[in-house]
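A, B, ... follow the sequence lines: proteins, then strands. Residue 1 opens every chain. Please read all numbers here as calculations on a predicted model, not as lab measurements.
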There are 4 protein chains.
Amino acid sequence: MTISLRKARTIIRKALEKGRELELKPLSVIVLDAGGHVQAFEREDGASVGRFGIAHGKAYGSVMMGMAGTAQMKRAEDQAYFLAAVNGVFGGNVVPVPGGVLLRDKKGAVIGAVGVTGDSSDNDAIAAMAGIEAANLVGEI
Amino acid sequence: MTISLRKARTIIRKALEKGRELELKPLSVIVLDAGGHVQAFEREDGASVGRFGIAHGKAYGSVMMGMAGTAQMKRAEDQAYFLAAVNGVFGGNVVPVPGGVLLRDKKGAVIGAVGVTGDSSDNDAIAAMAGIEAANLVGEI
Amino acid sequence: MTISLRKARTIIRKALEKGRELELKPLSVIVLDAGGHVQAFEREDGASVGRFGIAHGKAYGSVMMGMAGTAQMKRAEDQAYFLAAVNGVFGGNVVPVPGGVLLRDKKGAVIGAVGVTGDSSDNDAIAAMAGIEAANLVGEI
Amino acid sequence: MTISLRKARTIIRKALEKGRELELKPLSVIVLDAGGHVQAFEREDGASVGRFGIAHGKAYGSVMMGMAGTAQMKRAEDQAYFLAAVNGVFGGNVVPVPGGVLLRDKKGAVIGAVGVTGDSSDNDAIAAMAGIEAANLVGEI
């Protein structure tokens, strides 16, 4: 199982709508497939230009390690050098904070990840979850 | 002037529709802003997983050099070492073939680029132009 | 659908057996999943130390572009600068010659790739196909 | 002296069996030779896709510095900047935690390393040692 483009679009639109509803800062949302490859991405007007990289890093680390943003942040707080090393292995593409949400199928297999950035990490995760639920998927924050 | 997310969405949707109309292989479409930063991207179901990188490389080289895909290809054919050197400067992120389309405003200033990949380079460019025209912008192939 | 470790082992063992049967030089065989990630790899005694990279490069390019080694080689011969650019995008990890074999499911979706290196490119591909057939999969040379 | 493919296979199989016996999460196991080059690797079904990089990083640092994972971790905790610098030298390929096990011959010369990842670092090291002992080799955790 993988994320279809149709599902990815739903996730992005609904995450952005949630951001408007909560009056968050301009958001950027990425959806990666089960291999960590970009399926779709949108950056709202007014977001800073580097947001693709941040959104990507949140979602990419989630897929590559099978560990969502909150768990990555805990590991980074406990063992900063471990996350630094992991970032060496993955080309500096891991951003270990909330807003990286792991997607699993019903058997628990990773089928992709969503990355949201723009507001606080916790608000980013709330927007991501709104998109994921609208697409009838289960997210792991 | 820059590309709004609304315009980027139109470009992507209409480019993908053109691909379906012409029965092209699954396409991937990226829109970059005037600074070469990702605004929006979509990869159709069935496209190979590395298509973000190829679409990005077509559009990125266009913005960074202010030269669209066809002109880059000619330069690559005339002076392969020049494009190789450019790729050293830009971190290997330039893919010098058609399907990278430059966007200019009415005064000729670069406001972004579109990158399409999935079918032949020429068909990729046709799909890109369909999206650009639907967004009332002018593309340089 | 993806390649199980059990299938990957079968592919590797049978490819190596084919190499011994044909008295090829020591071979190295890699199996990548649908996202281009390493599932399994073995290097025969006597193979040179850099064979992981070559095997990986043959299979990785196949997955990322959805194009097997023979087609990549043709494209490299027609447009050397294009393959050079693609290698920039994919971090220099593409080796565009036979021995990179694409795996598809019955609907044509890419489910992984096999990379074999050690003898001539054509013999490498023969060994790869022997492994793939033993695993009841279909390879695209 | 170096690690034969036969020995590498034994290490991997027995490490994976140990993981199943202890009901660990899905494991990935790599064996590197005395030069730090990949000899063999297997990733169990259900392991996250980035596990090759982590397993490799644990074993690679062990060979390159002649120092196993536990000693590397202590050094990282005492002098985080030193490990960061080492990772600069070795291209970000060092993951300084247990699960990277150094292999020495009877005279103490490094003949390779094993890297295991998937469960806690300590459990990863236990699985690695089970494989190493089954191959009649001596491991340094």
| How long is the span from the OG atom in S28(D) to the NE2 atom in H37(C), to the nearest 0.5 Å? | 12.5 Å
| query | Is there side-chain contact between R9(D) and R9(C), with heavy atoms separated by less than 4.5 Å? | reply | no
| Is it true that a side-chain atom of Q39(D) and a backbone atom of R43(C) form a donor plus acceptor pair closer than 3.5 Å? | yes
| field | Carboxylate-amine/guanidinium proximity below 4.0 Å for R6(C) and D45(D) | value | no
| request: With a 4.5 angstrom heavy-atom cut-off, could you sort out which part of R51(C) is near chain D: side chain, backbone, both or neither? | output: neither
| query | Rounded to the nearest 0.5 Å, how far apart are CD of E42(D) and CD1 of I12(C)? | reply | 7.0 Å
| task | Counting only heavy atoms closer than 4.5 Å, note whether L32(C) contacts chain D via side chain, backbone, both or neither. | result | neither
| task | Report the C-alpha separation of V38(D) and V49(C) in whole Å, then their side-chain angles, then the decisive distance to 0.1 Å, and conclude whether the side chain to side chain contact (heavy atoms under 4.5 Å, CB included) test is met. | result | CA-CA 8 Å; V38(D) 191; V49(C) 294; over 6 Å; no
